[in-house]
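Fair warning: this is a prediction, and the values are worked out from it, not measured in the lab.
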Amino acid sequence: MRPRSFLALLGALSLSGDQVLAAGNLTSLVNLFIGTASGAGGASGGNAFPGTYPIPPISIAAMSRLTSLNGSMSMDDTGSAIPHAMAKVGIDVSTTPRQAGYISDNSSITGISLMHDEGTGGNIAGGYGIFPLFPLQNCAFTSCSVGIAARSMLRAAGKDAASPGYFTTTFVNGIQIETTSTRRAGLIRFTFPPSATPNNVVVDLTNDLQRSFHGGSLLITPDARVKLGGTFMQSYGTDNYTVFACYDFLNANPTPAALLQYGTYQSASTSSPANISVNPSGSSLVFPFTPNTNPTQAGALLSFNTTANNDRVTARFGISFIGPDHACANAEEEVPTWDWDGVQEASRSQWEEVLSRVQVDTEKEDPTIVELLYSSLYRASLVPANLTGENPYWSSPYPFYDALFCSWDTFRTVHPLLSILSPYEWSEIVNAYIDGWRHTGYIPECRANTKAGYVQGGSDGMPILGDFAVKYGRDADRLGVPVNDLYQALVDTAENTYALGDFAVRQAAMALDKPASDVAKYTNRSMNFVNHWDASVVHDGYKGFMQRRYANGTFAFSPPDACSPVDPTPHSCARGSDNNVGFYQSSSWEMSFFAPHSMSTIVRLMGGDEAFVNRTEHYFAKGYFQAGNEPSFQTPWLYHYANRPDLTALRLRRVVYQNFNTGIRGIPGNDDSGAMASLLVFHLLGLYPVLASTQFLLSSPFLSSYTITNALRGTRTRVSVNGFDSSTLLATPPSGSRLYVVGVQVNGVRRETVCWIGWDDLVGGGEIVIEVGEKPLEEGCGTGAAARPASLEDGGF
Ligand SMILES: *[C@@H]1O[C@H](CO)[C@@H](O)[C@H](O)[C@H]1NC(C)=O
Ligand SMILES: *[C@@H]1O[C@H](CO)[C@@H](O)[C@H](O)[C@H]1NC(C)=O
Ligand SMILES: *[C@@H]1O[C@H](CO)[C@@H](O)[C@H](O)[C@H]1NC(C)=O
Ligand SMILES: *[C@@H]1O[C@H](CO)[C@@H](O)[C@H](O)[C@H]1NC(C)=O
Ligand SMILES: *[C@@H]1O[C@H](CO)[C@@H](O)[C@H](O)[C@H]1NC(C)=O
Ligand SMILES: *[C@@H]1O[C@H](CO)[C@@H](O)[C@H](O)[C@H]1NC(C)=O
Ligand SMILES: *[C@@H]1O[C@H](CO)[C@@H](O)[C@H](O)[C@H]1NC(C)=O
Ligand SMILES: *[C@@H]1O[C@H](CO)[C@@H](O)[C@H](O)[C@H]1NC(C)=O
Ligand SMILES: *[C@@H]1O[C@H](CO)[C@@H](O)[C@H](O)[C@H]1NC(C)=O
Ligand SMILES: *[C@@H]1O[C@H](CO)[C@@H](O)[C@H](O)[C@H]1NC(C)=O
């Protein structure tokens, strides 16, 4: 790594242009509703979470915590969301699919709950959605409709609104709902229309989004504090988790509503869950753990005297995976004074800081691109969630992060984006991956709801750790990341798993000065993917495909279009034992292009540059490309490896404009924990990361300039496009428009390649000038041996 030059830093800090915009209002550019359309009927719902913003068998300890809610009030034990928060508060719809709880439709709402997933696929009933509140008006205490079916309520048209740190909607009955939050706590308030009767709030113990209650308990104290604990099923996977919350109602600032009455409610029996009665003198409920889902409706009901001068009931909540008192302590610590505006502004300003790590001239650039950029940066920083201090399984000095699901989705673009923009956050996340290995023997792959989830194939935490070693290995001490443990985690996992992971170990071995024998071993193993190349398979006139192979060397044939979007035959493409294709959520057509560390090998196997280009064009034309699926992320960029960056530039315009927009259907698939969001950021910036390496593929940006901040390096790097042509901002740029990159200068020095730039260029501070023209360079990527992006087979990296 090149030491950062003082002059370069000065240069960066004295930039005019974009810098002026640093003090802007980038949060106002975020559209939280992108990707919130329903995925019903096979449509591509993004499952994005718009709210203010999100697991092991239940332990004996968790059980005893559950039954001790009755214990002390002591302190022993936050869509509204802040970056990487545990709390993600939002409303939950009654219809499925509802992976993130919220859907932009007209279905009724069943609750306002505290945690949510972001953009996941899987279980259509959703994950989390725990301990919802619900406001009720015009009912006598013991006859209020507390059950989930009876209480559900439609929203008034056009009332949903959200900005980073704030969410609101209004029911058709006129009750307004607002939320804001911190990392593990937050505020929810209800503004009631004038009414002669008291206003009530349900605190629901049993209904998470997937209605998977397996036991729990609740305790109300006379000061209107409600403590809850419950065991529910993880978002998908077979395990359950236990979670706790603490609600307070009486200290709203400035004017608390007066508590009139409280009690509990519960179903008459598990066989008649809808027959619910309110017990006006109840203050606790206990449901022992049951191996089967308990359908009971149960919770607390509180009644408030709101008046014409004070028509609000405000709830403060805290959440925890440790225990109920911990949840209360989190609320007291993070929202001590119930200062709504303070909490909302703190959230907004944290988001503002995260968004400002990429600065553009918001007046000058294309408004749609600006909206896509900042909305995507927002969604790319919701998860993983910082659960430090909330690890129920082991105690450790290292950070604990959750909602890693799945690394299979996030290793390609989420983590590389964090590597550039968020070095401190990323090193905490990397530490959490290492600590997972330290305590479980494996680098976590898909941990969610605090529970392991080996849901997707391989161990894709490996390229993430390898990428960290390559980019920040030398800064690791400063970042608190123990690199020897990182390396051991990689080696241990490599001894159990496969090729891209092996490349990650190889790269880490190089970056961390490990023995040459390790480098040689894992370099060799990185090339094992060629053993899956069956040169005899012909499909659509193209020869040679990746296939399954038996230990005796025989290939097992499956049709290369199996599990592609145009598969003529239904196949099972998930990880189950009924998958007889051999590819996970992808086809042989697609995976035959996947060796990002040695693409020249693939080009060679496919018959050379021209044949490779023909085949890539055919892949798109025939519909094997699937914009909403991660294995397709890099394919629009692959022309680079055949020396045709012009075709990449054309393809990227088409891919972006045909698959992304600012509407509720603006994401081509599940957002997948920010995977689509981070991919779009890279496309718009004209960059694509080569995993576990210092290379970024380079193409024609969708912006005339942008400035990237890296806080660890203390650098600002300005990328500008000389000759930027806004007429290229179309799926099919007009001929003669200046789309093609024809020159690259870094700090005034001309590069021999227009196809890639290095990590040190991107975070080194200074100026990168990309020159665009009407015609591509005749030499393709440029001149010199390193003009094309690196490949292991050619001695690259
Ligand atoms: C940001 O912009 C929004 C929308 O224009 C405006 O309502 C809000 O007050 C602004 N916030 C700040 C802090 O300038
Ligand atoms: C939930 O956890 C308990 C306690 O570890 C375990 O016995 C039970 O099998 C789990 N239930 C399910 C449905 O996973
Ligand atoms: C609460 O604690 C008391 C005293 O320890 C005990 O008698 C009672 O059964 C407990 N109630 C619940 C609901 O656990
Ligand atoms: C909700 O919207 C759908 C689709 O527009 C429509 O068919 C349905 O009637 C609406 N339902 C209600 C309750 O408004
Ligand atoms: C509801 O449960 C109560 C007992 O809690 C019972 O008396 C009543 O008959 C039940 N009602 C119905 C409709 O089943
Ligand atoms: C509600 O508050 C108002 C104003 O303080 C008071 O006059 C009224 O008696 C209260 N109602 C109840 C039921 O306590
Ligand atoms: C994560 O939470 C811990 C504990 O509160 C805190 O020290 C750390 O700064 C947080 N990390 C980020 C990136 O906010
Ligand atoms: C890897 O090592 C094996 C065993 O020594 C050897 O047969 C193979 O050719 C090597 N592969 C590469 C790509 O060097
Ligand atoms: C190789 O193994 C497969 C699976 O066990 C078997 O079907 C096939 O006949 C074997 N081929 C040879 C040449 O032994
Ligand atoms: C690529 O496609 C073109 C146009 O169909 C064809 O003329 C050419 O022969 C193909 N090249 C190779 C190497 O297959």
Side-chain angles (χ1 to χ4, degrees), residues 31 33-39 41-48 104 119 121 365-376 379-380 409 412-413 561 564-567 585-587 589-590 593 613-640 644-672 674-688 697 699-703 725-735 737-740:
N31 177 346
F33 295 96
I34 294 175
T36 59
S38 171
S44 63
N47 302 342
S104 277
E365 305 292 349
D366 179 81
T368 301
I369 298 297
V370 169
E371 184 176 338
L372 287 172
L373 175 71
Y374 288 108
S375 304
S376 302
R379 293 201 317 279
D409 293 307
R412 296 170 172 85
T413 52
D561 58 356
S564 77
V566 293
D567 186 355
Q585 283 191 14
S586 186
S587 64
W589 253 100
E590 183 148 70
F593 285 111
V613 165
N614 283 4
R615 186 159 167 170
T616 310
E617 294 285 81
H618 180 80
Y619 158 91
F620 283 103
K622 189 75 188 282
Y624 299 132
F625 173 69
Q626 197 172 1
N629 193 30
E630 282 72 11
S632 280
F633 277 14
Q634 63 154 6
T635 44
W637 288 85
L638 293 184
Y639 302 99
H640 270 51
R644 292 295 304 273
D646 55 316
L647 296 177
T648 299
L650 283 165
R651 182 62 63 188
L652 283 175
R653 290 295 192 271
R654 191 177 300 187
V655 164
V656 166
Y657 283 102
Q658 289 183 346
N659 295 288
F660 295 91
N661 60 62
T662 57
I664 60 172
R665 297 203 177 278
I667 312 177
N670 306 144
D671 199 29
D672 284 336
M676 299 292 152
S678 51
L679 173 71
L680 181 58
V681 170
F682 277 118
H683 285 343
L684 298 181
L685 300 183
L687 299 170
Y688 192 81
L697 306 184
S699 190
S700 195
F702 291 63
L703 293 148
D725 184 348
S726 58
S727 78
T728 64
L729 298 178
L730 288 173
T732 309
S735 66
S737 57
R738 291 184 303 274
L739 175 67
Y740 306 107

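Between Asp366 and Phe702, every side-chain heavy-atom pair lies at or beyond the 4.5 Å cut-off. Side chains of Leu729 and Arg653 form a contact here, defined as non-hydrogen atoms less than 4.5 Å apart.
Between Thr36 and Ser104, the side chains place a donor N or O and an acceptor N or O closer than 3.5 Å (distance only, hydrogens not considered).
For the residue pair Arg665 and Ser38, the shortest heavy atom distance occurs at NH1-O, 3.1 Å. Closest approach of Val655 and Pro636 over heavy atoms only: CG2-CG, 3.9 Å. Scanning all heavy atoms of the two residues, the minimum distance from Phe625 to Thr635 falls at CD1-OG1, 3.4 Å. Closest approach of Trp637 to Leu687, counting heavy atoms only: CZ2-O, 3.3 Å. In terms of heavy atoms, Ser699 sits closest to Ala649 at OG-CA, 3.6 Å. Ala677 approaches Asp671 most closely through the heavy-atom pair N-OD1, 3.2 Å.
Classification of the His618-Trp589 ring pair by plane angle, with boundaries at 30° and 60°, yields tilted.
Here CD of Gln634 is found 10.0 Å from CZ of Phe593. Values are rounded to the nearest 0.5 Å. Taking CG of Leu685 as the reference point, atom CG of Leu373 lies at 6.0 Å (rounded to 0.5 Å). Atom CG in Leu372 sits 5.5 Å away from atom CD1 in Ile34 (nearest 0.5 Å). Distance check: Asp409 CG to Met676 CE gives 7.5 Å after rounding to the nearest 0.5 Å. In this structure, Asp672 CG and Leu679 CG are separated by 11.0 Å, a value rounded to the nearest 0.5 Å. Annotation: the span from Glu371 atom CD to Asn31 atom CG amounts to 4.5 Å, rounded to 0.5 Å.
Shown here are the side-chain hydrogen bond (donor to acceptor under 3.5 Å, both in side chains) partners of Asp561, two or more places apart in sequence or in another chain: there are none.
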Indicate every side-chain donor-acceptor pair of residues 626-633 with a distance under 3.5 Å to a residue at least two apart or in another chain.
residue : atom : partner : partner atom : Å
Asn629  : ND2  : Gln585  : O            : 2.6
Ser632  : OG   : Glu590  : OE2          : 2.2
Ser632  : OG   : Tyr619  : OH           : 3.2
Ser632  : OG   : Gln626  : N            : 2.9
Ser632  : OG   : Gln626  : O            : 3.2

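Side-chain N or O atoms of Ser737 include none that pairs as donor or acceptor with a backbone N or O of Thr728 at under 3.5 Å. Between the side chain of Ser700 and the main chain of Leu739, a donor-acceptor pair closer than 3.5 Å is present.
Cation-pi geometry between Arg651 and Phe620 is met: the NZ or CZ atom falls under 6.0 Å from the ring centre, inside 45° of the normal.
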Is there a side chain to side chain contact (heavy atoms under 4.5 Å, CB included) between Thr413 and Tyr688? Walk through the geometry before answering.
CA-CA 8 Å; Thr413 52; Tyr688 192 81; 3.9 Å; yes

